[in-house]
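Written below as C-alpha cells is the structure these notes are about.
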Amino acid sequence: MPLEVSILETGIELRLRGLPAFHGFLIAREIKERQDARLLTAHGTLYKALDRLQRSGFLESEWEDPLIAANQGRPRRRLYRVTAAGEIALVRSRAPAATRGTPQRRLATP
Amino acid sequence: MLQVAVGLTRSWTAAYTRGLPDTVKATRRAEIDCDLWEQQSLASFLDEAGAGTGMHILGRCVLGIASDISWRAQAGSSARQEGKIQVKDTLTKRLVFGVAVLIGLLPLLMGAAAVLDAGISGSSADGDAADSAIFGVVTMLAGAFILTGLLLTTRSPRVGLPVLAAGVIGMSLWWYWMWIIVVPVGAVVLGIAYFRARQAGWPRGTGAA
C-alpha cells in the first residue's frame, strides 16, 4: 500500500480516536503498528510523503504553540490534519479497481 | 551509539537542506529534530537500550537518503523557479567540495599504506601480506573511482556520477564492517556530487558527456 494512503488512513483513524492532529513521529509509529513492521518509516520517505500530501491539499499543517512545547520540555511539533480533499481522495483510492488508476496517481491530484 | 546516530542524522539533514530558502530549511530541520527527540523519549520511556535505538535511528536516516535527495532536488527546483535561491558563497561550495575530495583521498592513502605495509612486512608468499596487499589494492581502486567520479561531476556528470557511485558502493562492500561510517559518508559525498552536477546544468545543460 502506498505510504500516502497509509498516512491518510491512519490520520483519519487517529481523528476517530480523539486525536485530530498528528506529528511525523506519531504517524510513523502508528503505521508501524498497523503494518506490524519491524522499522519505523525512514525519515526521508516519511517527510517527503507528508510534504507531497500537503502540497496536494490532502493534509494541512501548523506548528504547535511554542508555550505548550516549552511547558512539556520538548521541541515544537508540526501538527498535520487530514483535509476534506484528503478524505475524498482516500475514498476514491478504495473504489473498485476498474474505476480507478493506481492509488498514488489518484492521490497526486485533489 | 545513540548520540552518534542522532548527530549523523542531524548533520545529514543540515547537509541536504543547505542552500534552500530559510523557511524550507528551518522547517525540515525542526521536523527531524522533533522526530529524533520523540523517538529517544519513547525509547527512554520504554527503557530500550541506547544502542538499539541508535541503530534504529541510523537505519531510518540511511533508508531515507534517496527520498531526501529527490525531495531536495524538487525543493531546490521550486525555489529556483520562485527566484528564492541566490547564487552565493562560492567559497563555501569550494570548501565543501574540497572536503569531499579529501574524503575520496582517504581510501587511496589507506590503500597505499596497506600495500606498502604488505611489501615491508613479508614476501608475497606470506598469507597475511598477500591479504593486506589485496585489501590495499581494492581500497585504492575504490578511492580512485571516488576521486575520478568527483572530479568529473561538473564536466561530465553522466560518467562522473556512476563512477563515483561505483566507488562508494565498492568501498561500502569492501569495508563492510565499517558500514556505519562508510555508508553515511559515501551518501554525503554522492549528495555533494549530485548538487554540483545540478548546479552545472545537469541533466539538461552543459555538463552531459
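Numbered from 1 within each chain, the chains take letters A, B, ... in sequence-line order. Here the structure is a predicted model, which is why all the values come from computation and not from measurement.
- Remark: B/H56 NE2 to A/L39 CG distance equals 4.5 Å, nearest 0.5 Å.
- Using a 4.5 Å cut-off between heavy atoms, B/L36 contacts chain A through its side chain alone, with no backbone atom that close.
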* side-chain contact (heavy atoms from CB on, under 4.5 Å) between A/K48 and B/Q74: does it pass, once the steps are laid out? -> CA-CA 10 Å; A/K48 187 183 169 195; B/Q74 284 167 5; 4.2 Å; yes
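- The structure places CZ of B/R28 at 6.5 Å from CG of A/D51, a figure rounded to the nearest 0.5 Å.
- Closest approach of A/A42 and B/G64 over heavy atoms only: CB-N, 3.5 Å.
- The nearest pair of heavy atoms linking A/G44 to B/D68 is CA-OD1, 3.0 Å.
- In this structure, chain A has no heavy atom under 4.5 Å from any part of B/S41.
- In this structure, the separation between CD on B/Q39 and CZ on A/F25 is 5.0 Å, given to the nearest 0.5 Å.
- Taking chain A as the reference chain and counting heavy-atom pairs below 4.5 Å, the highest number among B/I32, B/T27, B/D33 is found for B/T27.
- Salt bridge status for B/E31 with A/R77: absent, with no side-chain N to carboxylate O gap under 4.0 Å.
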* Asked: Taking it one step at a time, do B/C34 and A/R76 satisfy side-chain contact (heavy atoms from CB on, under 4.5 Å)?
  -> CA-CA 7 Å; B/C34 176; A/R76 283 172 81 192; over 6 Å; no
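- Heavy-atom distances place no part of A/A69 under 4.5 Å from chain B, backbone and side chain included.
- Listed by chain and number, the residues in a side-chain contact (heavy atoms from CB on, under 4.5 Å) with A/E13 are A/R17, A/R34 (sequence neighbours excluded).
- Looking at A/L26, there are no atoms closer than 4.5 Å to chain B (heavy atoms on both sides), in backbone or side chain.
- With rounding to the nearest 0.5 Å, the separation of CG in B/L63 from NE2 in A/H43 is 10.5 Å.
- Nearest heavy-atom pair, B/W37 versus A/G73, reported as atom, atom and distance to 0.1 Å: CZ2-O, 3.5 Å.
- Using a 4.5 Å cut-off between heavy atoms, A/R29 touches chain B through its side chain atoms alone.
- For B/L42, the part lying near chain A is the side chain, with the backbone staying farther off; criterion is any non-hydrogen pair under 4.5 Å.
- Counted within 6.0 Å of CZ on B/F145, heavy atoms from surrounding residues, nucleotides or ligands total 12 or fewer; the atom is thus considered open.
- Counting only residues at least two apart or in different chains, salt bridge (charged side-chain N to carboxylate O under 4.0 Å, His left out) contacts with residues 61-73 of chain A comprise A/E62-A/R81, A/E64-A/R74.
- There is a side-chain donor-acceptor pair under 3.5 Å between A/Y47 and B/D35.
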